[in-house]
Amino acid sequence: MSRIITVEKDILEANDTVAARNRKRFEEANLLVLNLMGTPGAGKTSLLEATVRTLSERIAIGVIEGDIATDCDALRIESAGASWVRQINTGGACHLEAGMIEMALEGMPAGLKVLVIENVGNLVCPASFDLGEKIRVMLASLTEGADKPKKYPGMFRKSDTLIINKIDLAPHLEVEPGMFAREALAVNPALRVFQISATQGQGISDWCGYLESAIPRS
Ligand SMILES: Nc1nc2c(ncn2[C@@H]2O[C@H](COP(=O)(O)OP(=O)(O)O)[C@@H](O)[C@H]2O)c(=O)[nH]1
Ligand SMILES: [Mg+2]
């Protein structure tokens, strides 16, 4: 058992070294980088489509898509009008690591203001791997149920921002957005919380306003 823990520690330390290199590069470029995490189907790509559609006329946005297989999400983001898109296929791994991001950055154009990394859909492993991001965003959909913050506290504790998605479905569910927010804040009172519908548009302008205000001044 102690041996397994040692190996895991080594992997995380090696990851942190590369993440620090990525972070320095992002800071030098005045690039705002977000690590977007959440379950499969929570609406991560839908949020990115809405964000790119809202902001891309004013702001150059890049997206790195992490998936076990396929380039479906990258194609969706390209159609939405992002300035730069890269797909990473992890070939089975359930999270992205800093080294994968470092490799994906080859060919990234100068002048991007925001880079969003959509992590592999998973509520556990992505929280352990720093990618060099400035903001850790966790997206949860209302349909997942209000017990998820208590059941997956690691992800909620390690995030700075929580986006509660699919609020348009609230009339059909027992959980309402305020209840989900309260449960999440009980686990991490420092969370910045947005309530949105990525497909119907509620809350998207607040979210995009926040993103714009977080871009470092050059
Ligand atoms: N009703 C509703 N459906 C949504 C919303 N956001 C995403 N979806 C749907 O949820 C499914 C998964 O969305 P997707 O963006 O692919 O999730 P991802 O796996 O987290 O990237 C799709 O069928 C979306 O149309 C929302 O705000 N409201
Ligand atoms: Mg997706």
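Side-chain atoms are counted along with the backbone in the values below, which use heavy atoms only and exclude waters and symmetry mates. Just so you know, ligand 1 is whichever comes first in the structure, and atom 1 is the first atom listed for that ligand. Here the structure is a predicted model, which is why all the values come from computation and not from measurement.
- A salt bridge links E212 with R58: the distance from a Lys NZ or Arg NE/NH1/NH2 to an Asp or Glu carboxylate oxygen falls below 4.0 Å.
- A salt bridge links R182 with E176; the closest basic N to acidic carboxylate O contact falls under 4.0 Å.
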Using atom types as modelled, flag every donor-acceptor pair under 3.5 Å from a side chain in residues 97-118 to any protein atom, sequence neighbours excluded.
residue : atom : partner : partner atom : Å
E97     : OE2  : H95     : NE2          : 2.9
E102    : OE1  : R21     : NH2          : 3.0
E102    : OE2  : R21     : NE           : 2.8
E102    : OE2  : R21     : NH2          : 3.2
E118    : OE1  : T45     : OG1          : 2.7
E118    : OE2  : T45     : OG1          : 3.0

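- Near ligand 1, heavy-atom contacts under 4.0 Å come from T39, P40, G41, A42, G43, K44, T45, S46, R76, E118, N165, K166, D168, L169, S197, A198, T199.
- Here the closest heavy-atom approach between residue D67 and residue Q87 is recorded as OD2-NE2, 3.1 Å.
- Side chains of L142 and P177 form a contact here, defined as non-hydrogen atoms less than 4.5 Å apart.
- Side chains of N119 and N35: a donor on one and an acceptor on the other come within 3.5 Å.
- No salt bridge links K44 with D73; every basic N to acidic carboxylate O contact stays at or beyond 4.0 Å.
- Between M37 and R136, the shortest heavy-atom distance links the atoms CE-CB, 4.1 Å.
- Qualifying side-chain hydrogen bond (donor to acceptor under 3.5 Å, both in side chains) partners for Q200, counting only residues two or more places apart in sequence or in other chains: none.
- Excluding waters, the count of protein N/O/S atoms less than 2.8 Å from the Mg ion (ligand 2) comes to 3.
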